[in-house]
Protein chains: 2
Amino acid sequence: MKLTSKGRYAVMALVDLARFDSINPVSLRDISLRQGISLDYLEQIFSKLKKNEIVKSIRGTQGGYVLNKNPNDIKLTNIFHAVDEKVKTVQCNKDSKRGCNGKATKCITHNLWDELEIHINTFFENKSLNDLLNKNKETRV
Amino acid sequence: MKLTSKGRYAVMALVDLARFDSINPVSLRDISLRQGISLDYLEQIFSKLKKNEIVKSIRGTQGGYVLNKNPNDIKLTNIFHAVDEKVKTVQCNKDSKRGCNGKATKCITHNLWDELEIHINTFFENKSLNDLLNKNKETRV
DNA sequence: TACATACCTGACTAAAATGGTCAAGTTTTG
DNA sequence: CAAAACTTGACCATTTTAGTCAGGTATGTA
């Protein structure tokens, strides 16, 4: 199981963004240069972040992006959800009333995978952008 | 982030295998039928499990596979490691002394991803095949 | 000893996901 | 009006996944 770079980049970009005063918009070009992420790719990512109301955009010269919420209220869950980075441990369609693999019963390890999914998601729910900022300050000493 | 079916199948197959008396070998054909996993694919998986000394093979008629260890000593970590299912949250080369993305410093969220990796791996280290067997008995009541 | 069963090995491949690039805009400020 | 910055959507090369296929080899039983 691996984290995709879309999810990773989204978090990196938001931490970068959050480190600046939220009154002055930060341009994607700046983030691109500082974090070494392609500008075109960042645009895709921020389009999604905007749709999910995590950031606001300000157009025109001197424009850029600004956080749309308090860093404390932006959890990793929200970020990952926005860019379609999801935790998926089973193939089975959860909506269908049937069990896994088209069989009548749940697969033998179904509970395990559910537990795993919860375990990982708990981590994401408990981490906010603010936590990351503080962490970063600490390690910068 | 998602679990690959190779990892998922490996665990499913081993739970299936462990449910039977470890003296009577279980053929891959039986596991294939019961779990709905392609026989050819199972052979690939069991080849790796055998190399990692998680199972033993018994050839010939009435042959099959048997656990090579106590179910209590087979952790999810061991299984996943055997079939090359690994948890990867960063792209960066851990061996290189340099930071991430070829830059001089560690990327801004590096600590976060390390934490996440540890969080997930802890889950795998704390779950044994035996835990899954018990769980399965419980839910069968 | 024949033969069926089951393990064993390696090459091959279709489809999906990943990780982007490219092109052509629109909006706003100096 | 020109430049900076956001906006949108199509496109694509590479890699990974999730297998299949084709041939083996070993061994227990009739």
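Just so it is clear, the values below take in all heavy atoms, side chains as well, and ignore hydrogens, waters and symmetry mates. Not measured: the values here are computed from a predicted model. Naming convention: chains lettered A, B, ... in sequence-line order (proteins, then strands); numbering from 1 in each chain.
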So, the side chain of A:Asn70 versus the backbone of A:Asn72: is there a donor-acceptor pair under 3.5 Å, distance only?
-> yes
To the side chain of B:Ser57, which of C:dC8, D:dT29, C:dT21 is closest?
-> C:dC8
How long is the line joining CD of B:Glu85 and C1' of D:dT17, in whole Å?
-> 11 Å
When all nucleic acid strands are considered with a 4.0 Å heavy-atom cut-off, which category describes A:Phe46: base, sugar-phosphate, or nothing?
-> nothing
Atom NZ of A:Lys50 and atom P of C:dT26: how far apart are they, to the nearest Å?
-> 16 Å
Minimum-distance nucleotide (side-chain atoms of B:Ser47 versus C:dC8, C:dG20, C:dT9) = C:dT9
Checking D:dA18, D:dA3, D:dT8 against the side chain of A:Thr61 (C-beta onward), the nearest is D:dA3
When the distance from CG of B:Leu39 to C1' of C:dT9 is rounded to whole Å, what number comes out?
-> 14 Å
Between D:dG19, C:dG19, C:dC7, which nucleotide gets closest to the side-chain atoms of B:Ser5?
-> D:dG19
Value in whole Å for how far the C1' atom of C:dG10 lies from NZ of B:Lys51 | 11 Å
To the nearest Å, give me how far apart OH (A:Tyr41) and P (D:dC11) are.
-> 19 Å
Looking at D:dC6, does its base get a donor-acceptor pair with the side chain of A:Glu43 below 3.5 Å?
-> no
Ring geometry between B:Phe124 and B:Phe80 (parallel below 30°, tilted from 30 to 60°, perpendicular above 60°) | perpendicular
Would you call the rings of A:Phe123 and B:His119 parallel, tilted or perpendicular if under 30° counts as parallel and over 60° as perpendicular?
-> tilted
Select one nucleotide: of D:dC6, D:dG19, D:dA5, the one nearest the side-chain heavy atoms of A:Arg59.
-> D:dC6
Do any side-chain nitrogens or oxygens of A:Tyr9 fall under 4.0 Å of OP1 or OP2 in C:dT18?
-> no
When A:Thr4 and A:Gln62 are each assigned the nearest nucleotide of DNA chain C, the 5'-most assignment goes to A:Thr4
Whole Å only: how far is the NZ atom of A:Lys2 from the P atom of D:dT15?
-> 12 Å
When you measure from the side chain of B:Gln44, which nucleotide among C:dA11, C:dA17, C:dC7 comes out closest?
-> C:dA11
With respect to A:Leu129, which candidate in A:Leu17, A:Leu76, A:Asp73, A:Leu14 satisfies the side chain to side chain contact (heavy atoms under 4.5 Å, CB included) definition?
-> A:Leu14
Cluster link A:Leu49 to A:Leu39, ILVMFWY, side chain under 4.5 Å = yes
Are B:Ser38 and D:dA18 close enough that a side-chain N or O sits under 4.0 Å from OP1 or OP2?
-> no
Between C:dT21 atom P and A:Lys6 atom NZ, what is the distance in whole Å?
-> 12 Å
Nucleotide C:dT5, atom C1' - distance to CD1 of B:Ile58 in whole Å | 14 Å
